[in-house]
J.: 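Right, I'll just put the structure down here and ask away after.
Remember, it's a predicted structure, so these values are computed and weren't measured experimentally.
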Amino acid sequence: MQQIWQFTPVLHTHVYWNRKAEFLYETDTYNQWCLFVVENGSFAYGIGESKGEASSGSLVFCPPNVPFQRRTITPLSFHMFMFNWAWADPAFEESPAGMKLEFLLAGKVAIRDINRLKSICAYLRSLPITAEPSVRFWKNHLLGDCWLMYCAEQHPALLPTGKATEDPLMDQAALMIRQKALGPLNLGTISASLGLTPVQFSRKFHAAYQTTPVDYLISIRLNQACALLRESDLTLDEIAERCGYQNGYYISRLFTQKLNMTPSEFRRTNRV
């Protein structure tokens, strides 16, 4: 199954619009992916079933050959990217035609790290309007930064960010997991304390964090194990005890599953 981190955007064109009062076409269709990065102002959009308003700090994605409806609400300053996708790992053997992009979003994402997004937009505005390869390189790099922010905030994987979502109950659950992750922890106890069945808890948590409570817990424990392997001479059993596991067998299995290496290999290659 393909994962979102396996893809990277490849720039075709970039245009910056400053305080655009209205769109020339209220509906347009492109043969490539389109991304609006909104700096200031706001506009109403419709992309398939996704409809709403986007303002400063928003990314709005539109897939190819899908009508993109838009109407300015206030004068709009935004960056418009046209792009395609490539495999993030050049060694991946499957052809680009084999990419399955169904799980990629269509519509708006509100970026939480506004300062970083503003910095990216400032860099983009500072670049000259030219087709020089060096300028194209930097624009493609900055487009990739926008994509990485989306991935980090909307699809947390190994390292949980701990940032708030739109579900306060699941934010509370995530906090409880982080507070108790390095000791004995029964996720069923947490779901019961929130008035949810385990199935309800798992479904709601996944909707908020794009990962299950079990995988969220594992990521915290694995992160701590990595830190102890890098920074201490503790045995694997001692590390396991400090990460909420009974013995080193569980840590070893996690490293093989998640990092494709043994704890000893990780320690040998990551100690400085």
Side-chain angles (χ1 to χ4, degrees), residues 2-25 27-43 45 47 50 54-70 72 74-92 95-97 99 101 103-155 157:
Q2 294 166 6
Q3 302 294 326
I4 198 164
W5 50 265
Q6 292 180 296
F7 300 95
T8 188
V10 178
L11 178 69
H12 184 258
T13 59
H14 163 261
V15 178
Y16 172 65
W17 295 90
N18 183 33
R19 295 185 60 79
K20 189 175 182 63
E22 61 182 16
F23 291 100
L24 182 61
Y25 304 107
T27 301
D28 210 342
T29 304
Y30 307 104
N31 59 7
Q32 297 175 316
W33 278 78
C34 176
L35 169 64
F36 280 18
V37 180
V38 183
E39 279 202 71
N40 292 292
S42 60
F43 76 104
Y45 71 89
I47 302 171
S50 178
S55 57
S56 178
S58 296
L59 307 182
V60 181
F61 291 86
C62 182
N65 305 314
V66 175
F68 188 174
Q69 301 172 344
R70 55 275 174 99
T72 57
T74 59
L76 193 65
S77 298
F78 67 100
H79 298 266
M80 176 180 175
F81 294 97
M82 302 298 297
F83 64 98
N84 291 308
W85 295 101
W87 297 115
D89 183 354
F92 200 82
S95 69
M99 290 180 174
L101 303 171
F103 59 84
L104 296 180
L105 80 169
K108 182 185 76 170
V109 173
I111 293 297
R112 294 190 288 267
D113 193 346
I114 295 295
N115 289 334
R116 182 177 174 185
L117 187 62
K118 286 181 177 179
S119 177
I120 291 173
C121 290
Y123 276 117
L124 284 166
R125 281 187 275 103
S126 72
L127 292 171
I129 301 175
T130 175
E132 287 292 324
S134 60
V135 174
R136 185 179 182 84
F137 167 83
W138 283 111
K139 288 187 175 183
N140 192 75
H141 175 78
L142 294 166
L143 169 61
D145 273 359
C146 291
W147 173 242
L148 289 175
M149 275 199 296
Y150 163 74
C151 291
E153 294 191 0
Q154 304 297 320
H155 296 263

J.: Identify, with sequence neighbours excluded, every residue that meets ring-ring contact (aromatic ring centres under 6.0 Å, His included) alongside Y45.
T.: none
J.: Can you classify the ring geometry of F23 versus F36 as parallel (below 30°), tilted (30 to 60°) or perpendicular (above 60°)?
T.: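 Parallel.
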J.: Quick one: pull up CD in Q32 and SG in C62 and give me the separation to the nearest 0.5 Å.
T.: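 Q32 CD to C62 SG: 12.0 Å, rounded to 0.5 Å.
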J.: Less than 4.5 Å apart, any side-chain heavy atom of V60 and any of L35?
T.: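 The answer is no, as the side chains (C-beta and beyond) never meet within the 4.5 Å cut-off.
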J.: Return the CZ to CD1 distance between F61 and I47, rounded to the nearest 0.5 Å.
T.: 10.0 Å
J.: Can you name the closest pair of heavy atoms from S50 and A106 and give their distance?
T.: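 Shortest heavy-atom contact: CB-O, 3.4 Å.
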J.: Are L117 and N115 side-chain neighbours, meaning at least one heavy-atom pair lies under 4.5 Å?
T.: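 L117 does not reach N115 side chain to side chain.
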J.: When you measure from the side chain of T74 to the backbone of S42, do you find a donor-acceptor pair of N or O atoms at a distance under 3.5 Å?
T.: yes
J.: I need the L142 CG to I120 CD1 distance, nearest 0.5 Å.
T.: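 Reported to 0.5 Å precision, the distance equals 6.5 Å.
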J.: Just verifying a value: how many Å separate C34 SG and M80 CE, rounded to the nearest 0.5 Å?
T.: 4.0 Å
J.: Are V66 and T29 close enough that some pair of their side-chain heavy atoms sits under 4.5 Å apart?
T.: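 The answer is no; the side chains never approach within 4.5 Å.
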J.: Show me the pairs that pass side-chain hydrogen bond (donor to acceptor under 3.5 Å, both in side chains) and involve residues 61-70, at least two apart or across chains.
T.: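 Qualifying pairs, neighbours excluded: Y30-R70.
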J.: For residues 14-22, which side-chain N or O atoms pair as donor and acceptor with protein atoms under 3.5 Å away, sequence neighbours left out?
T.:
unit_1, atom_1, unit_2, atom_2, d
H14, ND1, K139, NZ, 3.2
H14, NE2, H79, ND1, 2.9
N18, OD1, S77, OG, 3.1

J.: Tell me, please, which residues at least two apart from T27 pass side-chain hydrogen bond (donor to acceptor under 3.5 Å, both in side chains).
T.: none
J.: When rounded to the nearest 0.5 angstrom, what distance separates SG in C121 from CD1 in I114?
T.: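 Output value for this atom pair is 9.5 Å.
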J.: Which residue pairs pass the salt bridge (charged side-chain N to carboxylate O under 4.0 Å, His left out) test with at least one member in residues 121-134, sequence neighbours excluded?
T.: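 Listed once each, the pairs are E39-R125.
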J.: Run the side-chain contact (heavy atoms from CB on, under 4.5 Å) test against T13 and tell me which residues pass, sequence neighbours left out.
T.: M82
J.: Hey, could you give me the CH2/OG distance between W138 and S126, rounded to the nearest 0.5 Å?
T.: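 With rounding to 0.5 Å, CH2 (W138) is 10.5 Å from OG (S126).
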J.: Quick one, F83 with V10, criterion side-chain contact (heavy atoms from CB on, under 4.5 Å). Give me CA distance, side-chain angles, the key distance, then yes/no.
T.: CA-CA 5 Å; F83 64 98; V10 178; 5.8 Å; no
J.: Using a 3.5 Å distance criterion without hydrogens, assess whether the side chain of N140 forms a donor-acceptor pair with backbone atoms of L11.
T.: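 Indeed, once roles are kept as given, a pair shorter than 3.5 Å links the two residues.
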J.: Would you confirm whether S58, through its side chain, and S55, through its main-chain N or O, come within 3.5 Å as a donor-acceptor pair?
T.: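 Present.
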J.: Verify, without hydrogens or angle tests, whether W147 (side chain) and F7 (backbone) share a donor-acceptor contact under 3.5 angstrom.
T.: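 Pair found, side chain donor or acceptor close to backbone of F7.
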J.: Please tell me if the side chains of L76 and V38 come closer than 4.5 Å, counting only heavy atoms from C-beta onward.
T.: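 Yes, at least one pair of side-chain atoms sits under 4.5 Å.
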J.: Does some side-chain heavy atom of N84 sit less than 4.5 Å from a side-chain heavy atom of P9?
T.: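 Not touching, per the 4.5 Å side-chain cut-off.
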